[in-house]
Amino acid sequence: MDAFDLQRMLLGEEPPLFFLEILARTLIIYLYMLVLLRWLGSRTIGQLSTVEFLLVIALGSAVGDVMFYPDVPLLHALLVVTIVVLINKALDLLMARSKRAQRVIDGTPEEAIRRGVICSTFADSTALSTSELFQQLRQNGIEHLGQVEHAYVETDGTLTIFKSGTIGRQGLPIVPPWEIEHPVEITPDAAPEEALVCMQCGTIQGQPGPVTCPNCGHDRWTRPVSDRTSIAPATHQNS
């Protein structure tokens, strides 16, 4: 083999007619998958469940090689695609008939924020990091945690937010992003007359108060902020 052989690198070693075979292979695979996926039903990428996400990965692996490798038979790839789709359909039927199977396979929603405070169970989970949680909140127009009454991480990974109807409630600031401007850390001794907010979970502690947060046990505090405008109750959802 000659290194840097442009003809081999660009055209390969197959005859020129193989380009038409690639076209035919691609059309067959594409149309077959289109029929199967229409039978399964379609969702947007942001709504894919765990099973459907695995389906996308499996199908991508199954159909990629057969489109341009001459030694991979079409029927083998079509069989793999069919089996993967049938397994997916069987799991869908199982989850529709069994709530327990649905919880095991698809997971359950997780409460992230309750009345402006990050839940301690969520802080210990791996659903979203704090920075990812704050990013999704900002994308929904949230400036501080006090504006959030409830927030849930759904099974498909989206964050559902219910805003607070309480005007003027204070909370942990998340605007601007901490990577751009980090909140000023304040020790309880330095501000004996002020209420402070925990930088880990958003718990507001009146003064005088303990050095460590009673909710999460951390000892980093900053000044809470309040609404600059009135907040109306609303529900936002990422997609």
Side-chain angles (χ1 to χ4, degrees), residues 1-112 122 125-129 131-133 135-136 139-140 152-161 235-239:
M1 183 186 71
D2 295 332
F4 296 102
D5 182 356
L6 291 180
Q7 181 175 352
R8 176 183 56 79
M9 292 171 60
L10 297 176
L11 302 177
E13 298 178 352
E14 282 71 29
L17 193 60
F18 183 64
F19 285 99
L20 292 179
E21 183 177 328
I22 291 177
L23 175 62
R25 284 169 171 261
T26 303
L27 288 174
I28 292 172
I29 290 293
Y30 182 87
L31 293 175
Y32 186 72
M33 287 186 60
L34 180 62
V35 171
L36 288 180
L37 292 178
R38 290 293 297 169
W39 175 61
L40 281 177
S42 59
R43 297 189 186 185
T44 63
I45 295 299
Q47 296 175 320
L48 290 181
S49 65
T50 302
V51 174
E52 290 164 334
F53 184 68
L54 291 175
L55 171 68
V56 171
I57 297 176
L59 290 180
S61 301
V63 304
D65 293 345
V66 71
M67 291 184 181
F68 53 85
Y69 282 131
D71 55 341
V72 180
L74 269 173
L75 288 180
H76 291 187
L78 295 178
L79 178 61
V80 171
V81 170
T82 303
I83 292 174
V84 169
V85 170
L86 289 177
I87 291 174
N88 180 270
K89 191 67 174 179
L91 289 176
D92 282 343
L93 292 175
L94 177 62
M95 289 188 294
R97 296 179 180 180
S98 171
K99 294 297 182 181
R100 182 177 180 181
Q102 183 179 16
R103 289 194 298 269
V104 171
I105 297 173
D106 226 7
T108 56
E110 186 172 359
E111 187 176 24
F122 178 81
S125 73
T126 58
L128 288 174
S129 67
S131 60
E132 290 171 331
L133 175 64
Q135 176 185 347
Q136 293 204 35
Q139 290 173 347
N140 284 275
Y152 304 95
V153 179
E154 305 293 353
T155 56
D156 60 1
T158 60
L159 185 68
T160 301
I161 302 167
T235 302
H236 291 269
Q237 185 172 13
N238 277 348
S239 60

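Counting only heavy atoms from C-beta outward, the side chains of Leu74 and Arg25 approach each other to under 4.5 Å. Put simply, the side chain of Met33 reaches to within 4.5 Å of the side chain of Ile29, judged on heavy atoms. In this structure the side chain of Val153 reaches within 4.5 angstrom of the side chain of Phe122, judged on heavy atoms. Within the 4.5 Å cutoff, no side-chain heavy atoms of Tyr152 are placed close to those of Glu110. A heavy-atom distance below 4.5 Å is not found between the side chains of Leu159 and Glu154.
Here the CG-CD distance, from Asn140 to Gln135, works out to 11.0 Å after rounding to the nearest 0.5 Å.
Atom CG of Leu34 is surrounded by more than 12 heavy atoms from other residues, nucleotides or ligands within 6.0 Å. More than 12 heavy atoms of other residues, nucleotides or ligands lie within 6.0 Å of CG in Leu31, so this atom counts as buried by the packing criterion.
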Query raised in the report: Please walk me through it: do Thr82 and Tyr32 pass side-chain contact (heavy atoms from CB on, under 4.5 Å)?
Result: CA-CA 9 Å; Thr82 303; Tyr32 186 72; 2.3 Å; yes

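What you find for Pro73 and Val66 is that their closest heavy atoms are O-CG2, 3.7 Å. Of all heavy-atom pairs spanning Thr155 and Gly107, the tightest one is CG2-O, 3.4 Å.
Between the side chain of Ser98 and the main chain of Leu94, no donor-acceptor pair closer than 3.5 Å is present. A donor-acceptor pair is defined here as one N or O able to donate and one able to accept, closer than 3.5 Å; such a pair exists between the side chain of Glu132 and the backbone of Ser129.
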